[in-house]
Protein chains: 2
Amino acid sequence: MSQKPSPKEPLNILIVEDDPMMRLGLTHSLAPKPTVNVIGAAADGYEGVAMAQAHQPALVLMDVGMPRLDGIAATQQIKHTLPHIRVVMFTSHTEQTEVVAALSSGADGYCIKGTSIDTLMQAITIATTGGIYLDPHIAQQVMACLTPQPQDSIPEHNLSARELEVLKLIVEGYSNPEIGEQLFLSTNTVKTYVKGIMNKLVVNDRVQAAVLALRKGWVH
Amino acid sequence: MSQKPSPKEPLNILIVEDDPMMRLGLTHSLAPKPTVNVIGAAADGYEGVAMAQAHQPALVLMDVGMPRLDGIAATQQIKHTLPHIRVVMFTSHTEQTEVVAALSSGADGYCIKGTSIDTLMQAITIATTGGIYLDPHIAQQVMACLTPQPQDSIPEHNLSARELEVLKLIVEGYSNPEIGEQLFLSTNTVKTYVKGIMNKLVVNDRVQAAVLALRKGWVH
DNA sequence: GGCAGGATCACCCGGTGGGGGGATGTCCAG
DNA sequence: CTGGACATCCCCCCACCGGGTGATCCTGCC
């Protein structure tokens with residue numbers, strides 16, 4: 001287990017958020033909490049990185065959309081120079097690319113603006129202990145990103161085992177006679193399979209069949 | 001936001017764990033908690049799925065390594081038939097493949113055995129609100145899995161712009177005459193390009209050229 | 001000014017690919 | 001048991017692909 005710091009001593013937090021209103025709201029929301037201690041607030045990524053280096057907070061609450069240096073780049077820099085600092089993203093962006101980029105940059109949590117203070121506190125607590133919190137709204141997206149393989153539960157193959165075998169060899173670059181050798185078939189038979197494959201895949205030649213097979217992930 | 005059920009009413013929880021000792025420990029650890037209510041405990045995946053269907057708990061605490069039906073398969077079944085039930089993995093497995101498989105199966109959290117009751121409760125709470133909790137020990141692995149893309153930035157092409165254009169059309173499935181039409185070239189010229197492409201890629205036919213282009217990500 | 005290399009064309013020709021057939025065998029349902 | 005669906009095999013024919021060889025422009029580089 002990670003070293004769990006005594007919950008008695010408050011957690012030093014740095015807020016990085018360009019919207020003054022939101023910055024104020026955040027600061028005042030966290031101020032009354034006994035477990036945390038807001039040590040400062042930066043208005044953009046540059047300030048955020050500088051203040052993080054200067055004050056070494058335990059955790060940074062990081063907005064994503066900011067002028068000059070965005071939250072993702074700032075997180076990367078902080079994580080690069082001060083890996084022990086935990087970073088929780090706090091943003092309204094829910095697009096998968098944004099989310100993945102944020103997490104890839106080293107963020108330890110991802111909260112959506114509009115969440116309750118309690119939830120935010122929970123994310124902070126978890127990030128502090130080394131875990132990761134993902135907001136319900138983006139959880140599915142991350143999961144989807146984690147599971148690229150179970151694309152279609154219905155392969156919609158129609159291809160027989162033999163045809164799949166032939167298709168695999170087509171992708172490998174073998175000619176019909178070569179495929180025949182490997183499968184102990186006559187070239188004519190192989191051609192029949194190829195015809196069947198092209199019919200079922202609704203393509204005109206083996207190139208398109210190979211491309212389809214690769215794109216659909218039937219073969220590698 | 002998700003519908004946050006009033007925190008007053010306790011959360012019905014089903015425990016699925018094959019080790020009798022661990023099962024007992026879990027049950028007794030959660031019993032005194034006012035926010036949760038352990039409604040049962042299953043000893044393997046089959047029992048777990050059956051009890052989940054019978055009692056419809058709000059959340060399932062799921063072990064991974066179990067006889068007959070493992071936790072991942074059980075989670076898939078539960079999520080398939082009862083998607084509203086949240087599932088938190090509780091296991092000692094930390095291998096990346098296990099973790100990813102678990103999350104891919106639809107789990108809403110991942111705790112490592114040995115964690116504190118408080119952390120487990122936190123994971124349960126988060127999963128209930130729709131979020132995802134990842135244990136500190138596996139967080140890095142998931143992050144690593146999320147960022148597989150930064151492969152090599154050296155295309156090592158050698159292909160001229162025109163050749164790339166032709167290669168792209170080959171992948172699209174066009175024949176040489178068709179490519180000629182699209183690029184306003186004679187078939188002979190197209191053939192010259194195709195020859196050049198095959199020479200530079202060291203392949204024998206257009207199929208292998210297309211496969212290479214797809215695998216290397218030169219075209220999509 | 002030469003020279004390399006890309007882009008554009010042309011011809012020949014052997015082998016292959018893909019479209020048309022037709023032929024078995026098995027297996028399952030009516 | 002009979003018929004159809006399917007996988008498996010075989011043959012012919014010709015358009016097209018791919019190898020070989022060569023030509024003409026143009027651009028950039030030494």
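Bear in mind the structure is a predicted one, so any value in this text is a computation, not a measurement. Just so we're on the same page: letters track the sequence lines, and every chain starts at 1.
Across all strands, Thr192(A) comes closer than 4.0 Å to base atoms (heavy-atom distances). Residue Thr189(B) is in base contact, counting any heavy-atom pair closer than 4.0 Å across all strands shown.
For Asn204(B) and dT16(C), the CG to P distance is 12 Å, given to the nearest whole Å. Look at CG on Leu183(A): it is 13 Å from P on dC10(D), rounded to the nearest Å. Summarising the geometry, the separation between CE on Met198(A) and C1' on dG17(C) is reported as 8 Å, rounded to the nearest angstrom. If you take CG of Leu164(B) and P of dG6(C), they are 13 Å apart, rounded to a whole angstrom. Put simply, CG on Asn199(A) is 14 Å from C1' on dA7(D), counting in whole angstrom units. dG19(D) atom P lies 10 Å from atom CD of Gln208(B), rounded to whole Å. Atom pair Leu167(B):CG and dC17(D):C1' shows a separation of 16 Å (rounding to whole Å applied).
The side chain of Ser160(B) places no N or O atom within less than 4.0 Å of a non-bridging phosphate oxygen (OP1 or OP2) of dG6(C). OP1 or OP2 of dC9(D) has at least one side-chain nitrogen or oxygen of Tyr193(A) nearer than 4.0 Å. The side chain of Lys195(A) places no N or O atom within less than 4.0 Å of a non-bridging phosphate oxygen (OP1 or OP2) of dT8(D). Distances shorter than 4.0 Å separate none of the side-chain N or O atoms of Asn188(A) from OP1 or OP2 on dC10(D).
Side-chain N or O atoms of Thr128(B) include one that pairs as donor or acceptor with a backbone N or O of Ile124(B) at under 3.5 Å.
Ion pairing between a basic and an acidic side chain is recognised when a charged N comes within 4.0 Å of a carboxylate O; Glu165(A) and Lys168(A) show no such pairing. Taking the charged nitrogens against the carboxylate oxygens, Asp205(B) and Arg206(A) have no contact shorter than 4.0 Å, which rules out a salt bridge.
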Please output the side-chain donor-acceptor pairs of residues 188-195 of chain B that fall under 3.5 Å, not counting sequence neighbours, one pair per line with the distance.
{"residue": "Thr189(B)", "atom": "OG1", "partner": "Ser186(B)", "partner atom": "OG", "Å": "3.0"}
{"residue": "Thr192(B)", "atom": "OG1", "partner": "Asn188(B)", "partner atom": "O", "Å": "3.0"}

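Counting only residues at least two apart or on different chains, the salt bridge (charged side-chain N to carboxylate O under 4.0 Å, His left out) pairs with a member in residues 15-28 of chain B are Glu17(B)-Lys113(B).
Which of dG18(D), dG21(C), dC9(C) sits closest to the side chain of Lys191(B) comes down to dG18(D). Among the nucleotides dG21(C), dG18(D), dT8(D), the one closest to the side chain of Arg162(A) is dT8(D). Of all nucleotides listed (dG17(C), dC9(D), dC17(D)), dG17(C) comes nearest to the side chain of Arg206(A).
For His28(B), the NE2 atom sits in a loose shell: 12 or fewer heavy atoms of surrounding residues, nucleotides or ligands are nearer than 6.0 Å.
Contacts of residues 168-178 of chain B with DNA chain C (heavy atom under 4.0 Å): none.
The side-chain contact (heavy atoms from CB on, under 4.5 Å) test with Leu11(B) singles out one residue from Val38(B), Thr125(B), Val36(B), Asn37(B), and that residue is Val36(B).
Across the interface with DNA chain C, nearest-nucleotide mapping of Leu185(B) and Thr187(A) shows Leu185(B) to be the residue nearer the 5′ end.
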